[in-house]
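Note sheet for the following structure.
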Amino acid sequence: MVLKRASSGHLPFLWEFPGGKKSANESWRLCARRELLEETDLRAGNLRKVAIRIFNYAERTVEIHFFHCREFSGELNTKDEFKWLRPNEMNPDDFPEANHEVIERLKQGRLFRPIKVRQP
């Protein structure tokens, strides 16, 4: 599932995976669960970290921890526009640049083992 970014703020109107900022005393896994719940009302089942992406935009540097979720519960409820996409339906140009490498790996079926991707 991907959500459309708001018209205001950083990288407006692009699609993105559910996520957000990690609290100081929160693990990345708990952050992923909390953000999914806050943004979609879905509770993540088994989460497995599949990538870490550190990317430098002109305005900021982002560190994104990507998790794969095979199971979830609850009823989808979001204020954001959303789509369910298979990897081959994802156009990297419709996503923030920090997501491009991860989307390409998804399309190639190479993401479901731990990797660490860093921009030079």
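Numbers for residues simply follow the sequence, beginning at 1. Since we're looking at a predicted model, the values are computed, not measured.
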*Without swapping roles, check the side chain of Glu89 against the backbone of Arg86 for a donor-acceptor pair under 3.5 Å.*
yes
*Parallel, tilted or perpendicular for His65 and Trp28, by the 30°/60° rule?*
parallel
Interatomic distance, [X] atom [atom1] to [Y] atom [atom2] [nearest 0.5 angstrom]:
{"X": "Leu37", "Y": "Asn77", "atom1": "CG", "atom2": "CG", "value": "10.5 Å"}
{"X": "Arg70", "Y": "Arg48", "atom1": "CZ", "atom2": "CZ", "value": "7.0 Å"}
{"X": "Arg29", "Y": "Phe67", "atom1": "CZ", "atom2": "CZ", "value": "5.0 Å"}
{"X": "Lys83", "Y": "Trp15", "atom1": "NZ", "atom2": "CH2", "value": "4.5 Å"}
{"X": "Phe13", "Y": "Asp94", "atom1": "CZ", "atom2": "CG", "value": "13.5 Å"}

With a 4.5 Å cut-off on side-chain heavy atoms, are [Y] and [X] touching?
{"X": "Leu3", "Y": "Glu81", "value": "no"}
{"X": "Met1", "Y": "Leu76", "value": "yes"}
{"X": "Met90", "Y": "Leu106", "value": "yes"}

*Indicate if Leu30 and Phe72 have the same hydrophobic cluster label, given that clusters are the connected sets of ILVMFWY residues with side-chain heavy-atom separations under 4.5 angstrom.*
no
*Mind jotting down which residue pairs meet the salt bridge (charged side-chain N to carboxylate O under 4.0 Å, His left out) criterion with at least one end in residues 7-27? Sequence neighbours excluded, please.*
Arg5-Glu16, Glu26-Arg34
*Minimum-distance pair of heavy atoms, taken over all atoms of Gly20 and Cys31*: O-SG, 4.0 Å
